[in-house]
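Worksheet: one structure, shown below.
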Amino acid sequence: MIWSEETHPGWTPAQAEAAGKTHLQIFCAHCRLLVQMPWGLMRKLPRDRPMRDTVPKLKCSRCGARPDPTSVVAWEQSDAPGYAPFSTR
């Protein structure tokens with residue numbers, strides 16, 4: 001299940017990581033850019049601060065707009081529609 005402020009109020013990156021979520025997904029409604037960043041690439045993101053406090057400080061790298069807090073979610077690959085695990089058989 002994807003984590004958002006609606007499904008897990010007050011969630012933090014540390015809680016999402018502990019639950020197996022591997023990425024932060026941010027959607028910019030202004031320019032329609034969708035970014036999916038692994039936690040490891042976001043070293044400056046406070047791990048113990050609720051995302052609802054961090055989201056207002058984020059801005060789109062393309063147009064500079066601020067994201068809607070409901071468009072920021074934590075997810076893992078298995079949350080993707082149609083996901084099928086890779087088999088080496």
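Residue numbers run from 1 in the order of the sequence given.
Contacts classified as ring-ring contact (aromatic ring centres under 6.0 Å, His included) and involving residues 24-44 (residues at least two apart or in different chains) are not found.
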Side-chain donor/acceptor pairs under 3.5 Å, residues 16-24, sequence neighbours excluded:
residue	atom	partner	partner atom	Å
Glu17	OE1	Arg47	NE	3.2
Lys21	NZ	Met1	O	2.4
Lys21	NZ	Glu76	OE2	3.1
Lys21	NZ	Asp79	OD2	3.2

For a quick test of your reading: what N or O donor-acceptor pairs under 3.5 Å do the side chains of residues 48-55 make, sequence neighbours left out?
residue	atom	partner	partner atom	Å
Arg52	NH1	Glu5	OE2	3.0

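When all heavy atoms are compared, the tightest approach of Thr7 to Ser4 is OG1-N, 3.0 Å.
Listed by chain and residue number, His8 satisfy the ring pair (Phe, Tyr, Trp, His ring centres under 6.0 Å) test with Trp3 (two or more places apart in sequence, or in another chain). Shown here are the side chain to side chain donor-acceptor pair (under 3.5 Å) partners of Ser71, two or more places apart in sequence or in another chain: there are none.
Annotation: side chain of Leu34 is in contact with side chain of Gln25 (closest heavy-atom distance under 4.5 Å). Contact annotation: the side chain of Cys60 never approaches that of Pro67 to less than 4.5 Å [non-hydrogen atoms, C-beta and beyond].
Considering CG of Asp68 and CD1 of Ile26, their distance stands at 12.0 Å, rounded to 0.5 Å.
Clustering of Ile, Leu, Val, Met, Phe, Trp and Tyr by side-chain heavy atoms under 4.5 Å joins Ile2 with Val73, Trp75.
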